Amino acid sequence: MPKLTIDGQAIEVPGGITVLQACEMAGVEIPRFCYHERLSVAGNCRMCLVEMEKSPKPIASCAMPVAEGMVIKTDTPMVAKARRGVMEFLLINHPLDCPICDQGGECDLQDQAVAYGFDRSRFHENKRAVPDKDFGPLIKTSMTRCIHCTRCIRFSAEIAGVEELGATGRGEHLEIGTYVQKAISSELSGNLIDICPVGALLSKPYAFSARPWELVKTESIDVLDAVGSAIRVDSRGREVMRVLPRLNDEINEEWIADKTRFACDGLKRQRLDRPYVRVDGKLQPASWPEAFDAIASRLHGVAGNRIAAIAGDLADLESMLALKELATGLGSANLECRQDGAAIDATTRAGYIFNTTIQGIERADLCLLIGTNPRWEAPLINARLRKRFVTGGLRVAAVGGTPDLTFPVEALGGGPDTLREIAEGRHPFAERLKAAKNPMLILGQGAIARTDGAAVLALARQIADSCGLIREGWNGFNMLHSAAARVGGLDLGFLPGAGGRDLKAILEAAEQGAIDVVYLLGADEFPVSRLGKAFAIYQGHHGDAGAHRADVILPGAAYTEKNGTYVNTEGRVQQAKRAIFPPGEAREDWAILRALSERLGKPLPYDSLEQLRKRLFELKPHFAVLDDLQPAAWGAFGKAGATDAAPFRLPIENYYMTDPISRASETMAACSAAFVATDARKTGTHG
């Protein structure tokens with residue numbers, strides 16, 4: 001490890017790092033614009049200049065590797081003069097529009113101009129002007145502000161894997177753009193806004209809406225997919241203004257997906273803000289007592305086996321526990337949290353979580369995708385796969401569609417027949433799995449949400465066993481979920497009890513008149529038209545499919561409006577925090593169920609969120625361990641049997657329209673029109 005001196009302080013640092021990183025380790029702040037910890041070094045802004053002994057001029061610390069015996073000075077008159085000169089050059093053409101710039105108040109250029117710049121300009125020539133570019137419905141451009149740090153270009157090429165941004169021209173005529181006028185077609189494009197150090201790239205939906213000092217900032221998690229990204233919800237009054245990422249190296253690093261960031265405008269549209277009861281075929285506004293009376297009247301005398309409950313993809317653990325115990329108290333074992341009908345075996349936890357972990361992807365050297373499109377189901381897991389491909393040479397193969405995942409994917413086949421060949425060692429890929437150091441497979445919901453799903457699951461487990469994916473210190477079997485509530489529901493046992501019906505059986509029974517009452521806890525992702533004449537109670541926050549079918553609507557709270565516990569696809573327990581209050585008469589979901597249980601004469605044994613969580617922890621102690629991963633024991637799961645030769649169908653047809661919140665979002669509607677209608681590559685339809 002090299003030893004060097006920084007501002008008179010001797011320090012020992014790891015080999016291979018840069019002088020800038022060494023200065024940071026020594027507690028010395030170095031200004032920078034082009035340098036970013038997760039991007040390649042460009043060395044073109046020159047703001048990070050420092051003085052190095054025996055060097056005739058300042059050096060760019062971001063591009064200089066450390067060496068034994070270096071003597072670095074960061075606070076000399078030479079350094080101060082150099083930084084001041086660089087800042088003057090950067091501001092020659094930068095417009096003085098801070099009062100109208102959305103970056104104002106959180107702008108790197110503002111902060112560093114104050115700390116390191118000059119208090120006036122010596123240039124009186126006309127400033128250059130650059131035409132704004134059209135980057136699509138998400139990113140607003142003001143390219144006259146661009147300082148050519150090239151962070152956006154490097155992010156697009158290296159992290160997002162979409163090489164659509166670049167520079168044309170030289171010197172004063174240099175411009176950043178997409179070469180041909182087109183929108184940036186990446187599910188991670190919103191991160192360009194975060195990494196831009198000036199106001200050149202901004203959020204188009206958020207433009208001119210608020211100032212950062214007006215906003216209340218709440219740290220929470222995202223629930224629009226099953227990754228559980230760390231986010232910050234910025235709100236003003238009773239409105240969510242924007243969603244930004246938080247640093248979490250184990251899950252999302254410092255990125256978030258576009259749906260996570262931009263679908264928040266759907267939180268204020270098509271909301272359910274008061275109870276409704278269907279009278280003479282039409283939904284009529286009602287009070288809470290009237291809604292509860294309608295439910296109690298319909299449930300009176302109904303046998304428990306004629307009642308069913310279905311939990312939706314955004315449900316939190318607290319509300320699922322309350323609904324499960326209410327349904328059990330009414331004598332019903334017809335519980336279901338798998339809206340897509342996926343044949344998930346909940347007897348072994350290792351059979352339905354992402355055992356490798358998201359961060360563990362960076363150790364893998366061979367990956368088999370089965371019926372999944374991670375670019376749409378979990379963009380940040382796809383970004384990890386690409387990161388490993390770029391840095392470590394990960395090889396990826398797929399069974400069931402080969403969508404454009406931003407890295408090469410080898411097509412092995414379309415359906416279960418190929419899986420069986422691999423499992424039985426008759427396919428060449430089986431030997432490659434056995435020979436790999438850290439092989440992994442990712443089983444998507446598209447492979448098991450079909451009639452032969454249990455047999456496909458058994459084949460995937462057989463591959464894991466026969467090809468050596470389960471080894472000491474390594475578990476390469478992974479199930480990728482797309483619903484935030486799925487792993488929590490499986491952990492909680494929100495599944496058919498003894499003699500209970502699963503989703504398929506519930507729908508068949510409802511059509512045949514064998515199910516009288518169905519309770520939908522935010523359940524919108526299944527064919528509600530198949531409920532027949534059953535009395536439907538819908539508890540949720542948006543007027544989506546379930547609400548249109550409902551006979552009684554109970555307005556609940558969205559994930560930004562309640563304190564809720566979720567379990568991500570890795571099995572990591574996380575908590576979402578309330579940023580704002582629900583609109584109108586809407587209430588938190590567990591509180592609605594507690595009040596309803598009282599009216600039904602089956603009161604639940606908790607009166608506060610703390611009591612409910614205590615009950616939750618008693619039932620499943622691992623729910624009390626937040627933000628930590630506990631390895632699951634490997635065991636038997638799945639059910640061997642015959643399989644259908646039909647190819648796997650990828651589960652998501654439109655990334656921007658997967659849940660009630662995103663379907664209510666005007667921004668997501670614009671993205672759907674701009675990207676999905678014109679691009680079938682990511683759906684795997686060509687593969």
Side-chain angles (χ1 to χ4, degrees), residues 37-40 154-163 186-188 191 225-227 249-255 257 353-413 418-419 422 427-444 446-447 460 463-464 467-481 569-570 629 648 650 681-682 684 687:
E37 291 81 356
R38 303 188 193 276
L39 303 177
S40 61
R154 286 175 284 145
F155 175 86
S156 298
E158 298 165 15
I159 307 296
V162 179
E163 298 186 15
S186 168
E187 296 75 24
L188 300 174
N191 296 289
D225 59 27
V227 175
D249 283 326
E250 294 184 353
I251 302 177
N252 59 306
E253 298 183 302
E254 58 188 86
W255 322 117
I353 64 172
F354 205 93
N355 294 283
T356 300
T357 73
I358 296 172
Q359 194 173 36
I361 291 172
E362 298 185 17
R363 295 170 53 200
D365 54 355
L366 184 63
C367 178
L368 174 63
L369 304 177
I370 304 173
T372 182
N373 175 8
R375 183 169 177 181
W376 274 9
E377 296 168 50
L380 292 164
I381 288 181
N382 192 71
R384 287 276 188 167
L385 290 168
R386 173 176 169 77
K387 179 181 180 181
R388 178 58 179 163
F389 163 74
V390 171
T391 60
L394 174 71
R395 295 292 177 262
V396 182
V399 177
T402 54
D404 178 8
L405 298 182
T406 70
F407 48 84
V409 179
E410 178 185 352
L412 300 182
T418 306
L419 285 187
I422 297 173
H427 195 286
F429 192 75
E431 296 303 319
R432 291 171 59 187
L433 283 172
K434 294 175 183 177
K437 182 180 179 181
N438 289 321
M440 62 181 287
L441 68 79
I442 299 178
L443 181 64
I463 291 173
C467 296
L469 272 64
I470 314 301
R471 306 173 182 179
E472 183 67 29
W474 178 259
N475 188 330
F477 181 89
N478 304 291
M479 184 175 288
L480 179 58
H481 296 276
T569 194
E570 305 171 288
L629 287 175
F648 297 133
L650 300 182
R681 291 176 301 163
K682 306 188 197 87

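Please read these numbers as outputs of a predicted model, since none were measured by experiment.
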Student: Could you check if a side-chain atom of T372 sits within less than 4.5 angstrom of a side-chain atom of F648, using non-hydrogen atoms only?
Tutor: no

Student: Please name all residues satisfying salt bridge (Lys or Arg N to Asp or Glu O under 4.0 Å) with E431, sequence neighbours left out, ordered by chain then number.
Tutor: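 Expected list: K434.
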
Student: Looking at CG of L433 and CG of L441, how far apart are the two atoms once the value is rounded to the nearest 0.5 Å?
Tutor: 8.0 Å

Student: If we only count heavy atoms from C-beta on, is the P403 to L650 side-chain gap below 4.5 Å?
Tutor: yes

Student: How close do E410 and R432 get, counting heavy atoms only, and between which atoms?
Tutor: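 Of all heavy-atom pairs spanning E410 and R432, the closest is OE1-NH1, 2.9 Å.
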
Student: Output the distance between atom CZ (R375) and atom CG (L385), rounded to the nearest 0.5 Å.
Tutor: 13.0 Å

Student: For L480 and A378, work out which heavy atoms get closest and say how close.
Tutor: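 What the structure gives for the nearest pair is CD1-CB, 3.9 Å.
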
Student: When you look at L469 and W474, which way does the side chain to side chain contact (heavy atoms under 4.5 Å, CB included) test go after all the steps?
Tutor: CA-CA 8 Å; L469 272 64; W474 178 259; 5.5 Å; no

Student: Atom CG in L368, atom CG in L443: separation rounded to 0.5 Å?
Tutor: 9.5 Å

Student: Is there a side-chain contact between F407 and N382, using heavy atoms and a 4.5 Å cut-off?
Tutor: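 Yes, their side chains come closer than 4.5 Å.
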
Student: Side chain to side chain contact (heavy atoms under 4.5 Å, CB included), that's the test. Do I159 and W255 meet it? Break it down for me.
Tutor: CA-CA 10 Å; I159 307 296; W255 322 117; 3.9 Å; yes

Student: Would you find more than 12 non-hydrogen atoms of other residues, nucleotides or ligands less than 6.0 Å from E163 atom CD?
Tutor: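 No, because the 6.0 Å sphere around CD of E163 holds 12 heavy atoms or fewer from other groups.
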
Student: Answer whether the closest heavy-atom distance between the side chains of F354 and I381 falls below 4.5 Å.
Tutor: yes

Student: As an exercise, state the distance from OG1 of T356 to CG of N475, rounded to the nearest 0.5 Å.
Tutor: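 The OG1 atom of T356 sits 6.0 Å away from the CG atom of N475.
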
Student: List the residues meeting salt bridge (Lys or Arg N to Asp or Glu O under 4.0 Å) with E362, not counting sequence neighbours, and say none if there are none.
Tutor: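 With sequence neighbours excluded, E362 shows a salt bridge (Lys or Arg N to Asp or Glu O under 4.0 Å) to R384, K387, given in chain and number order.
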
Student: Distance check, rounded to the nearest 0.5 Å: E187 atom CD versus D225 atom CG?
Tutor: 11.5 Å

Student: How close do L188 and A257 get, heavy atom to heavy atom, and via which atoms?
Tutor: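 Taking L188 first and A257 second, the nearest heavy atoms are CD2-CA, 4.1 Å.
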
Student: Take F429 and L366 through the side chain to side chain contact (heavy atoms under 4.5 Å, CB included) test and state the conclusion after the steps.
Tutor: CA-CA 10 Å; F429 192 75; L366 184 63; 4.0 Å; yes

Student: Between M440 and I361, is any pair of side-chain heavy atoms under 4.5 Å apart?
Tutor: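 Yes, side chains in contact.
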
Student: Walk me through whether L39 and E158 qualify under side chain to side chain contact (heavy atoms under 4.5 Å, CB included).
Tutor: CA-CA 7 Å; L39 303 177; E158 298 165 15; 3.9 Å; yes

Student: To the nearest 0.5 Å, tell me how far R395 CZ sits from C367 SG.
Tutor: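 Here the rounded value is 12.5 Å.
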
Student: Restricting to side-chain hydrogen bond (donor to acceptor under 3.5 Å, both in side chains), what partner residues turn up for R154, sequence neighbours left out?
Tutor: T150

